[in-house]
Amino acid sequence: MHKQALTAIEARITEATKPYEVITVSPISPLIGAEISGVDLTRDLSNQQFDEIHRAFLQHQVVVFRDQNINAEQHKALGRRFGKLHVHALQIIRTEGQGEIERLEVKATQASKYVAGEGWHTDVSCDLEPPKISMLHIDTIPDIGLGGDTLFANMYLAYDQLSDPMKAFLEGLTAIHDGALPYTGAYGYKPDTPFERHEHPVIIRHPETGKKILFVNRGFTSHIVQLTRQESAKILEMLFRIVEMTPALTCRVRWTPNTLVMWDNRCTQHHALWDYYPLSRHGWRVSVVGEQPTA
Ligand code: SIN
């Protein structure tokens, strides 16, 4: 890692944080992720619980709650505390618009041809206003008691990895994020109405923390608008590989039944591992609509 990346890491490690009073926050890696205990998500959160969870979420980007036996309504109510619920195009297609559309079912069985989220990505970055928060509740883990971990990457630090000339080059560039890339290309859905496809800055600023983020991902980003196709492919490959080649930017969450993980979709990427075939894993994801990403 170069000096600037080390400085960013040092700043994060030595960051002074106000103590938490009503929750316990235990980091799972020095650079991303924390477990939160002392809260029951089946109940309405007090304002102080909400504020502290929000603060821990902004600080650690990924927060893990264990043993939360929440039902659909409680899951959605938790999401609504943070904003408007996102409706996923695939859930509309799969349910034909009937039944549960404010939660995305995340399911893999022996019959699955793919699993959701296998590969580094930011959820639904093809939307004009991609989700700011995803809350995945896994109720069933593979019956050997392990498998299906999810990896998360810190995209603030991915930005900090870049040299000054590369940062300057990327500032002002925009990229297309295309839902057809995963949903048709990888999963095979061909709906009558095209999937969302939008242009976002390559470097964005987090609306709450004000910090800069590298905002391209292998799942959804098709090309950088201002470059030739060949230049774009090479630059994107280099940027995607920062996440793939830098394990220090990541944490790995091991699921236990009834774990809920909430991540900041603006400044993370994640990758679901499919290492449990032919076993099954099941859960539901609630996402909260965010703002249009801005430079
Ligand atoms: C996803 O939201 O991409 C799925 C993540 C997972 O199943 O762990």
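When a ligand or atom number is given, it counts from 1 through the structure's own listing order. In this text, all values refer to a predicted model and were calculated from it rather than measured experimentally.
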| request: Check the angle between the aromatic planes of Phe82 and Phe50 and answer parallel, tilted or perpendicular using the 30° and 60° thresholds. | output: tilted
| Glu100: partners by side chain to side chain contact (heavy atoms under 4.5 Å, CB included), with sequence neighbours left out | Ala72, Lys76, Gln91, Glu102, Arg103, Trp284
| query | Is there a donor-acceptor pair closer than 3.5 Å between any side-chain N or O of His75 and the backbone N or O of Met135? | reply | yes
| said: Can you classify the ring geometry of Trp263 versus Phe152 as parallel (below 30°), tilted (30 to 60°) or perpendicular (above 60°)? | reply: tilted
| request: Could you say whether the N/O atoms of Trp255 and ligand 1 ever approach to under 3.5 Å? | output: no
| remark: Per side-chain contact (heavy atoms from CB on, under 4.5 Å), Leu136 is matched among Val286, Val253, Val106 by Val106
| request: Check side chain to side chain contact (heavy atoms under 4.5 Å, CB included) between Gln292 and all other residues, then give those that pass, not counting sequence neighbours. | output: Leu128, Glu129
| request: Among all protein heavy atoms, pick out the one at the shortest distance from atom 8 (O) of ligand 1; state its residue, atom name and that distance to 0.1 Å. | output: Thr150 OG1, 2.6 Å
| Location of contacts on Ile138 toward ligand 1, heavy atoms closer than 4.0 Å | neither
| message | List ligand 1 atoms under 4.0 Å from Val106, heavy atoms only on the residue side. | response | 7 (O)
| Would you call Trp263 a ligand 1 contact, heavy-atom distance under 4.0 Å? | yes
| His121 and Phe220 aromatic ring geometry - parallel, tilted or perpendicular at 30°/60° bounds | tilted
| query | Parallel, tilted or perpendicular for Tyr277 and Trp274, by the 30°/60° rule? | reply | perpendicular
| Can you list the atoms of ligand 1 that are under 4.0 Å from a heavy atom of Gly117? | 3 (O)
| field | For atom 3 (O) of ligand 1, the option (of His121, Glu118, Gln269, Lys107) bearing the nearest heavy atom | value | His121
| request: List every atom of ligand 1 that sits less than 4.0 Å from any heavy atom of Ala272, numbering the atoms from 1 in the order shown and giving each element. | output: 5 (C), 6 (C), 7 (O), 8 (O)
| said: Please verify the inter-ring angle class for His271 with Trp120; under 30° counts as parallel, over 60° as perpendicular, anything in between as tilted. | reply: perpendicular
| note | Out of His270, Met135, Arg281, His271, the nearest non-hydrogen contact to atom 7 (O) of ligand 1 is supplied by Arg281
| How does Val115 reach ligand 1, by side chain, by backbone, by both or by neither, if only non-hydrogen atoms under 4.0 Å count? | neither
| note | In this structure, atom 2 (O) of ligand 1 is nearest to the protein heavy atom Arg285 NH1, 2.6 Å
| message | If the cut-off is 4.0 Å to any non-hydrogen atom of Leu136, which atoms of ligand 1 fall inside it? | response | 5 (C), 6 (C), 7 (O), 8 (O)
| remark: For atom 4 (C) of ligand 1, the closest protein heavy atom turns out to be Ala116 O, 3.8 Å
